[in-house]
S.K.: 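I have a structure here, written as C-alpha cells, and I will follow up with some questions on it.
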Amino acid sequence: MYCVRNVTEDLYWVGGNDRRLALFENIHPIERGVSYNSYLLLDEKTVLFDTVDWSICRQFLENIKAVLGDRTLDYMVINHMEPDHAACIEEIVLRYPDVKVVCTEKAAMFMHQFGFEISDLIIQVKEGDTMSFGKHNVVFVSAPMIHWPEAMVTYDTTNGVLFSADAFGSFISLDGRLFNDEVNFDRDWIDEARRYYTNIVGKYGPHVQALLKKAGTIDIKMICPLHGPVWRNDFGYILDKYIKWSSYEPEEKGVLIVYGTMYGNTEAAANDLATRLVKKGMTNIAMYDVSKTHMSYLISESFKYSHIVLASVTYNLKIYPPMLDYIMDMKALNLQKRTFAIMENGSWAPQSGKLMRDLIEEMKEMTILDADITVNSSLKEDDADSMDAIADSIIESMK
Ligand code: FEO
C-alpha cells in the first residue's frame, strides 16, 4: 500500500521511514528511526528528486507508482549520492528505462563507482544550470561537502521550493506529520536535528556557510530536505541553528561535564564540580559518563554548550580510552570556540590532564582555563579550594 503526502499541489513526498535500523551509517544510534525523503513532481514532465535507502525501496516504488498513475518517469534528479538516498537509482532505471538522470559530474562518477552503469542516461549539470519541466523551472546549485563532494541542491524558481539534500535534515522517522509546523520541533526534534547535523555535516562548517550565503540570495518558500520534516515557515529558527552550528558558535551559555571514571571517584569529582557550579548560580549543566554515552550524543552536546569540562582518569599512563575517542572525534569534526576546564585523576602517575590539554591546544580557537585539578585516587576535603577555583573560573569566563 502506498503512503504519500502532498507537499504542494503538484509535488509529492514519496519517501519512507526506517524504525528498525539500529545504527545510521552503522555508527550513530537512531532510537527514534530516520526518514528517507524523496519527492515527485508532476509537471508536463515527471521528475523524481533523489531516491531512498535500500531498506525502504519497496514502499518507495509503490509510492511512485501510485503518484505517477499511468504516466512514466521522465527525470530523476540526484542531489546526493550517499547510498541512504541513492541506493534505489538502478531500481528506478529498471522500472522506468526512459528516465534521464540529472546530476553533477562527480555524482556520475560515484554512480559508476557504486556499480550503476547508466552513463547513457545521464545529463550532467553544474552550478547555475537550469532546466524546465513545464510550469516549473529549476536551477542547480553546487553544495560540495554537504555532505559529500558531489552534492548539489536544486531550487525551483517557480514556487520557491528548495530541495536541500542533507542540509536541514534530521534523525527521527516521520509519523504522518511531514511539515515543521505539524510537529513541535523545538521540543521534540531539535536535539536529534543537532545530533544529525553535528555528526554528519559538522566537520564541514565553512561549506555549510557557503551554501547559507547562496541561500540568502534566493526567495525560499519551502525547504525539502532528504531527512526529517519539510520546512514551510519559521525558516529563521532553523537558519539560526545552522548559522551557529556551522560557525561553531555555541547555542547556549552552559557547562557540559564529560567524565571518564572506573570506580566512581572521578564521577564523584565531577558531581562535586557540578554542585559547586549550581550553588554559584550556573544551572545550565549537562553531565555524561563518557563510557556509557554514545559519542554522537557527546558531540551534539559539545556543539550546544559554551563550556566543556573534561574529567578523566589516567589509564595505562594515557587518557582513558573512551575519553580519548571523544576528544579525537571533537577534533575530527572541527569543533572550535569552546572553553575547557580539565580535571585529571590518577593513583600513582596522573597524566591525563596534560595529555588532554595538549590535544585541546591543537584545536582551533579553544580556551583552556588555568584552574584545574589533579585528583589522587579520590577527591578530599583538601581539594575544596581547587574545585571552587575551577567553578569560579568557569563562571568568570562566561561574563
Ligand atoms: Fe543522508 Fe549524506 O546522506
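For clarity, every value in this text was computed on a predicted model and none was experimentally measured. As the structure lists them, so they are numbered: ligands from 1, and atoms in each ligand from 1.
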S.K.: Check Lys331 with Glu362, please: is the shortest side-chain N to carboxylate O separation under 4.0 Å?
M.R.: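 Lys331 and Glu362: salt-bridged.
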S.K.: Using the side-chain contact (heavy atoms from CB on, under 4.5 Å) rule, take Met330 and Ile308 through it: C-alpha gap first, then chi angles, then the decisive distance, then the call.
M.R.: CA-CA 11 Å; Met330 254 194 280; Ile308 302 173; 4.2 Å; yes
S.K.: What protein N, O or S atoms come within a distance below 2.8 Å of atom 1 (Fe) of ligand 1, ordered by chain and number?
M.R.: Asp84 OD2, His85 NE2, Asp166 OD1, His227 NE2
S.K.: Cut-off 3.5 Å, no hydrogens considered: what does the side-chain donor-acceptor table look like for residues 93-108, sequence neighbours left out?
M.R.:
from, atom 1, to, atom 2, distance (Å)
Arg95, NH1, Glu91, OE1, 2.4
Thr104, OG1, Ala107, N, 3.1
Thr104, OG1, Glu150, O, 2.9

S.K.: Whether Asp372 and Arg357 form a salt bridge (side-chain N of Lys/Arg under 4.0 Å from carboxylate O of Asp/Glu) is what I want to check.
M.R.: yes
S.K.: Less than 4.5 Å apart, side chain to side chain, heavy atoms only: is that true for His227 and Tyr196?
M.R.: yes
S.K.: Does the pair Arg177/Asp175 count as a salt bridge with the N-to-O cut at 4.0 Å?
M.R.: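 Salt bridge between Arg177 and Asp175, a charged N being under 4.0 Å from a carboxylate O: yes.
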